[in-house]
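Worth saying up front: this structure is predicted, and the values here are computed from it rather than measured. In what follows, chains carry the letters A, B, and so on, assigned in the order in which the sequence lines appear, proteins first and then strands, with residues in each chain numbered from 1.
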There are 4 protein chains.
Amino acid sequence: MNEVELGETSGARRVRRHDPERRTRILDAALDVLVAEGAAGITHRKVAARADVPLGSVTYHFSSLAELQAQAFDWYVEQRTAEFESLFTEVEAREDLIEVLVELVQGGPSRRRSAVLGFELHLAALRDPALRALTQKWTRDSRAVLSRFTGPEIAGRLDALLEGLIMHALLATEPEPREATHAAIAQALPPLTGRDT
Amino acid sequence: MNEVELGETSGARRVRRHDPERRTRILDAALDVLVAEGAAGITHRKVAARADVPLGSVTYHFSSLAELQAQAFDWYVEQRTAEFESLFTEVEAREDLIEVLVELVQGGPSRRRSAVLGFELHLAALRDPALRALTQKWTRDSRAVLSRFTGPEIAGRLDALLEGLIMHALLATEPEPREATHAAIAQALPPLTGRDT
Amino acid sequence: MNEVELGETSGARRVRRHDPERRTRILDAALDVLVAEGAAGITHRKVAARADVPLGSVTYHFSSLAELQAQAFDWYVEQRTAEFESLFTEVEAREDLIEVLVELVQGGPSRRRSAVLGFELHLAALRDPALRALTQKWTRDSRAVLSRFTGPEIAGRLDALLEGLIMHALLATEPEPREATHAAIAQALPPLTGRDT
Amino acid sequence: MNEVELGETSGARRVRRHDPERRTRILDAALDVLVAEGAAGITHRKVAARADVPLGSVTYHFSSLAELQAQAFDWYVEQRTAEFESLFTEVEAREDLIEVLVELVQGGPSRRRSAVLGFELHLAALRDPALRALTQKWTRDSRAVLSRFTGPEIAGRLDALLEGLIMHALLATEPEPREATHAAIAQALPPLTGRDT
DNA sequence: AATGAATGAGTGTTCATTCAT
DNA sequence: TATGAATGAACACTCATTCAT
């Protein structure tokens, strides 16, 4: 809807005829660099190399490095929100919910990239008000999903708890026992309200 | 004798021949820069300017920027651990504990610097194993303090919850109501075990 | 069209948009610096200044200073080999050969640059195996040229003798008499074998 | 004679009561660095580290880096001249002389340090007139020693040849056969004149 | 006599960004 | 539309040298 092949007149992002996924490939590469080296390490050159595109291609598609970073975070949140939502499609009972959240926290290396990016975004947003709009929307969306099961108040607490648990899991040398995570989440989660019981 | 503490009128730097606190001043300056600009923004020059010492002085006292950063984080944790511990000296009943923790989360701009540095350290530690030793010791110490009131298991959950609440507080545009924070902490905190009831 | 070769009056640098010989100019400048200040004195900035290009241009064309030095030496050997070969095109008799070699040793300031660079290369090659490949090719080529007149064994000795004579000539405050050089070379050169007598 | 324990009044170098060999140890360390890294690599710090003395000790004993280098070369030539002279004490016949010189050229890694330093000095002297006085004295002395066996003219040629042979030996990946070196020297060496036949 | 602290100049290198093509 | 060449600012770091002690 907001992307047209031809005839665009506004200043909105163009779509290229050839290699239409180049933009996304660059964004993914930027996220890769972000995970690997942190916000300090992101440069046009590294992103270009990782995306396997010429240097000029990066500066062509993104008017500045800050813009590239911002759009990469946009893209990240977009993906992560969808993924987060999809986790709950089959949740029916309280125990299902707990199980999903435990998996979210414990989810091994596969979840690491995602988690690291989340914290990078949070920290970047501390200093960049433009990004703060994004984190707020993200938080709101996450809580909304949880709220469907818990009500808004519990959702907020749960969200904070998950954040802390994930950070600790990332930093721990040896993984927390699954039962401990389970107990922590269960304690925060009274009998479900919401669409089901 | 040839150096006067007071009466400096110009902004120009004085010759400081004997300056035994220079190291610490540089470390504090590094933390200031870290708060203001993040790990990405720390440079010898900015630190030197903030500490009001010549550039060469920073490289003289710290053999590399990584080393400076590491020692700054050490210094931060040392201070913060002491401060954290002192918060609990007068805690006697469950409600005291809750109150202290709510204050920790809500504590306004005065606590901002401290909190931001904590998250910067966490993020840096994700990539630097040397820093991970520091975060682990820090986490261990924090939990030990909490454990005196709650037992180890609850302490762990509580610590995670606090981490998440603080991050959300930092990012929120308008502060969470104090009651919400209170309720979240209270929920995580069963009747006290430990040295008192 | 918008750039004029002549008529530059100020020392200021012009914008040079299309400058296909820039690489070579940088290499020549590097050799100039090498002659003037030795391997110890070569820096990006000096080379840039001598080549009349911006600093960034040097680092753009050569990925490191070592690479610049290596390519400069390559370029030097390429030129010098050709020059060396051309010296012998008209040599027919033994006396012609001697005369050419005497000139090689005695050849005044015009030859100084070339000779100094040769020794710089030798010394650099002592520590850098990559350069050693270059000196070996160079030595092989030089000897091959001499061999056409003398056979390989004599060529080797002659080559060593010339090297020593040139070094001494460079270091002497007053030039060796031409006859002494002549005699030294003549002694090392038995009746010619090779393509002529 | 030129070094007194006490009561020095002139500006000449002092002798320290403690650690009287520190000066020489520093000079040897400087030569080590020179061999290892070339003239480009010599710094106060590296020399101090190699000599295992404090940084201040180097600047205390030598008023500048150039002075340190110059005195290191002095010290080198002094040692090498003595060593060179001693090589010939037992030379009686032409074949002895040849044998000594072949050994000089072929002498393996043990001679490498010495040879490298010789070329470093030559190259440095190309640009520093003060050092040129030293190289000239050195050359004169070497030739004088050879002259005792060969007469001055032959000594000069021989000296040049040796220089070239040594350089080639240093740069060659596989050593020249001993016979080739022998033949080269023998050819340059007519029946001996001098103190013996 | 001896040395560690200190500093400003200078190094190689990386980089965001601009621009001609 | 797309890109390689280009450049000036900034970076981390090294260093010779000075100086108080």
Side-chain angles (χ1 to χ4, degrees), chain A residues 14-19 22 40-48 53-69, chain B residues 1-3 13 15-20 22-23 40-48 53-69, chain C residues 2 13 15-20 22-23 40-48 53-69, chain D residues 14-19 22 40-48 53-69:
Chain A
R14 296 290 154 62
V15 174
R16 274 130 296 97
R17 254 180 296 270
H18 323 305
D19 197 1
R22 173 163 288 193
I42 201 170
T43 72
H44 283 122
R45 282 160 179 79
K46 284 179 195 159
V47 172
V53 300
L55 169 59
S57 189
V58 178
T59 58
Y60 174 72
H61 286 287
F62 303 92
S63 63
S64 76
L65 199 59
E67 165 113 352
L68 170 57
Q69 207 200 34
Chain B
M1 202 188 351
N2 54 1
E3 237 187 77
R13 192 183 305 120
V15 174
R16 255 186 265 268
R17 263 184 289 264
H18 194 54
D19 190 0
R22 177 165 286 193
R23 250 187 74 93
I42 201 171
T43 72
H44 281 120
R45 283 162 180 77
K46 285 178 195 159
V47 173
V53 297
L55 170 59
S57 189
V58 179
T59 59
Y60 174 73
H61 284 285
F62 302 92
S63 63
S64 76
L65 198 62
E67 165 120 348
L68 170 57
Q69 206 201 36
Chain C
N2 57 0
R13 193 183 305 123
V15 175
R16 255 186 264 269
R17 263 184 290 264
H18 194 54
D19 190 1
R22 176 165 286 194
R23 249 188 75 93
I42 201 171
T43 72
H44 282 120
R45 283 162 180 81
K46 284 180 197 159
V47 171
V53 298
L55 170 58
S57 190
V58 178
T59 59
Y60 174 72
H61 284 286
F62 301 92
S63 62
S64 75
L65 196 62
E67 166 120 346
L68 170 57
Q69 205 200 37
Chain D
R14 294 292 154 63
V15 174
R16 272 131 296 95
R17 256 181 294 270
H18 324 305
D19 197 1
R22 174 164 286 195
I42 201 169
T43 71
H44 283 121
R45 282 162 178 78
K46 284 179 195 160
V47 172
V53 299
L55 170 59
S57 189
V58 178
T59 58
Y60 174 71
H61 286 289
F62 302 92
S63 64
S64 79
L65 199 60
E67 165 114 350
L68 170 57
Q69 205 200 35

Can you check whether [X] has a side-chain N or O nearer than 4.0 Å to OP1 or OP2 of [N]?
| X | N | result |
| --- | --- | --- |
| D:His44 | F:dC15 | no |
| B:Arg22 | E:dT7 | yes |
| A:Arg45 | E:dA16 | yes |
| C:His61 | F:dA6 | yes |

Once you round it to whole Å, what is the distance between [atom2] of [N] and [atom1] of [X]?
| X | N | atom1 | atom2 | answer |
| --- | --- | --- | --- | --- |
| C:Leu68 | E:dT11 | CG | P | 14 Å |
| A:Leu65 | E:dT18 | CG | P | 12 Å |
| D:Leu55 | E:dA6 | CG | C1' | 11 Å |
| D:Phe62 | E:dA2 | CZ | C1' | 14 Å |

Smallest separation among heavy atoms of [X] and [Y], with atom names:
| X | Y | answer |
| --- | --- | --- |
| D:Val58 | D:Leu68 | CG1-CD2, 3.9 Å |
| A:Arg22 | A:Pro54 | NH1-CD, 4.0 Å |
| D:Leu55 | D:Ala48 | CA-CB, 3.9 Å |

Could you state the interatomic distance from OG (A:Ser64) to NE2 (A:His44), rounded to the nearest 0.5 Å?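 A:Ser64 atom OG to A:His44 atom NE2 measures 7.0 Å (nearest 0.5 Å).
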Could you check A:Lys46 against A:Gly56 and say which one's nearest nucleotide on DNA chain E is further toward the 5' end?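 The 5'-side residue here is A:Lys46.
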B:Ser57 or C:Ala66: which one's nearest nucleotide on DNA chain E is closer to the 5' end? B:Ser57
Are C:Phe62 and C:Gln69 close enough, and set up right, to give a side-chain contact (heavy atoms from CB on, under 4.5 Å), and what steps lead you there? CA-CA 9 Å; C:Phe62 301 92; C:Gln69 205 200 37; over 6 Å; no
Nearest to the side chain of D:Ser64, which nucleotide is it out of F:dA12, F:dT17, F:dC15? F:dT17
From the options F:dG4, E:dA16, E:dT11, select the nucleotide whose nearest atom is closest to the side chain of C:Tyr60.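 The answer is F:dG4.
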Nearest heavy atom decides the nucleotide; on that basis, is D:Ser63 or B:Thr59 closer to the 5' end of DNA chain F?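 On the 5' side of the pair lies B:Thr59.
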For F:dC19, what is the paired nucleotide under Watson-Crick or G-U wobble rules, both distances under 3.5 Å?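 Checking every strand shown, F:dC19 finds its partner in E:dG4, with both distances under 3.5 Å.
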What does C:Ile42 touch in the nucleic acid at a heavy-atom separation under 4.0 angstrom: a base, only the sugar-phosphate, or nothing?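 Since only primed, P, OP1 and OP2 atoms lie under 4.0 Å of C:Ile42, the category is sugar-phosphate.
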